[in-house]
Amino acid sequence: MSPALIKMWVALSALGLMFIAVMAIMLSRTKLKGVFRILVSTFAYLCMFVAGILMLLVVFTGPTN
């Protein structure tokens, strides 16, 4: 695969992680209580952190030839 296609897949996976994080936060705030709420929230914030790192990687690597 070309470097541009790899960057596209990395960016798409970051968007997917952001979507999962948003859904998990909504679930934990509305439906869950106790330990499960903390676990799901931690998972969601971890997904958001990884997605942010991936987006920074895509943005700062610059354009491909």
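Start at 1 with the first residue, then count along the sequence.
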Side chains of residues 13-21: which donor-acceptor partners sit under 3.5 Å, not counting sequence neighbours?
residue : atom : partner : partner atom : Å
Ser13   : OG   : Trp9    : O            : 3.3
Ser13   : OG   : Val10   : O            : 2.7

Using distance only, find each side-chain donor-acceptor pair of residues 48-60 under 3.5 Å and give its atom names and separation, not counting sequence neighbours.
none

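Rounding to the nearest 0.5 Å places CG of Leu27 at 11.0 Å from CZ of Phe43. Note that the CG atom of Leu32 and the CD1 atom of Ile38 stand 11.0 Å from one another [nearest 0.5 Å].
The number of heavy-atom neighbours closer than 6.0 Å to CE of Met8, taken from other residues, nucleotides and ligands shown, is above 12.
Listed by chain and number, the hydrophobic cluster partners of Leu46 come to none, as no ILVMFWY side chain reaches under 4.5 Å of it.
For Thr30, there are no side chain to side chain contact (heavy atoms under 4.5 Å, CB included) partners two or more places apart in sequence or in a different chain. Residues meeting the side chain to side chain donor-acceptor pair (under 3.5 Å) test with Thr61, sequence neighbours left out: Lys7.
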